[in-house]
Amino acid sequence: MNANPLGQVGPITVIRPRRKAAAQAMAAHTRERASAIFGARDDPPPPPEPLPPPPPAGGRLDGLRTWLLLRCGLEFRTVLALAVVLLVAAGLAVRHYVAGRPHAVRVPAAVPAAAAPPAPATTRPALTVDIAGKVAHPGLRRLPSGSRVADALTAAGGPLPGTDTTALNLARPLTDGEQLLVGLTPPPDSSTPPTATPLNLNSATAPQLDALPGVGPVLAQHILDFRTQHGGFTTLDQLRQVPGIGTHKFTTLKPLVHP
């Protein structure tokens, strides 16, 4: 026995060079005989396929596109469009939620109602009065309704100097068609009709109607116009329908006229 270099004790097989070459020659001869029998060729093994080059540093986006296309069947631009739509929908949902939340509202102070405009003054019918006698401008004058004797004297320019107006009641209201005699003595029996019998309204003339108390030329013409339009008077109460004849004047004329 011989000790090996590792210090172990055991038989050591020594392979001589000539024996190794003979073994290799025998193996080659065996391969040749197998090729001749089976017609097989001892082709060399195919070379290994080259490994793909590593992706560049900026190729992650391309890799993501490839992954989406292979794994999900979606293109990258389609995914981007879906993301934009989702972002817009989320923004609208948030805005709707915020707008729908209750919030405090400030009530404005009450504004006082504006004062109603004053009602327009109604136009009163005018009166036509005959002013005669000692005044600066005698004649017919149109005065507002409700005027008095003093207003008529002012409209006629006032009485002449030295004229006595004590016989006139300056505070008396005027009536339409009235005649004022300033500084003159009324003619005798001017307050009574020319005849003792009542005056016939259907046959009386304008001067006869003018001679009645409180009836002037204007009111006498109104009576004649009413008689023409209605074909005459049938009752005495129709006299109240003549413009310018009120309750007081009708009471004065009632015993002096008849239809």
Do [X] and [Y] make a side-chain contact, defined as non-hydrogen atoms from C-beta onward lying under 4.5 Å apart?
X	Y	result
Phe233	Ile223	yes
Leu181	Leu168	no
Pro159	Thr165	yes
Val129	Leu140	no
Leu180	Asp130	no
Leu256	Pro213	yes

In sequence, state the C-alpha distance, the side-chain angles, and the governing distance for Asp225 and Gln221, and then conclude on side chain to side chain donor-acceptor pair (under 3.5 Å). CA-CA 6 Å; Asp225 293 341; Gln221 187 61 42; 3.0 Å; yes
Mind checking the [atom1]-[atom2] spacing from [X] to [Y]? Nearest 0.5 Å is all I need.
X	Y	atom1	atom2	result
Leu209	Leu219	CG	CG	8.5 Å
Leu160	Thr163	CG	OG1	4.5 Å
Thr235	Arg240	OG1	CZ	11.0 Å
Leu253	His258	CG	NE2	13.5 Å
Leu143	Ile131	CG	CD1	6.0 Å

Presence of salt bridge, Glu178 and Lys249, under 4.0 angstrom: no
Using residues 148-157 as the side-chain source, report each donor-acceptor pair under 3.5 Å to any protein atom, sequence neighbours left out, with the distance given to one decimal.
unit_1	atom_1	unit_2	atom_2	d
Arg148	NH1	Ala171	O	2.6
Asp151	OD2	Arg148	N	3.0
Thr154	OG1	Ala150	O	3.0

Donor-acceptor pair, Arg141 side chain versus Leu127 backbone, under 3.5 Å? no
Ring centres under 6.0 Å, that's the criterion: do His222 and Phe226 meet it? no
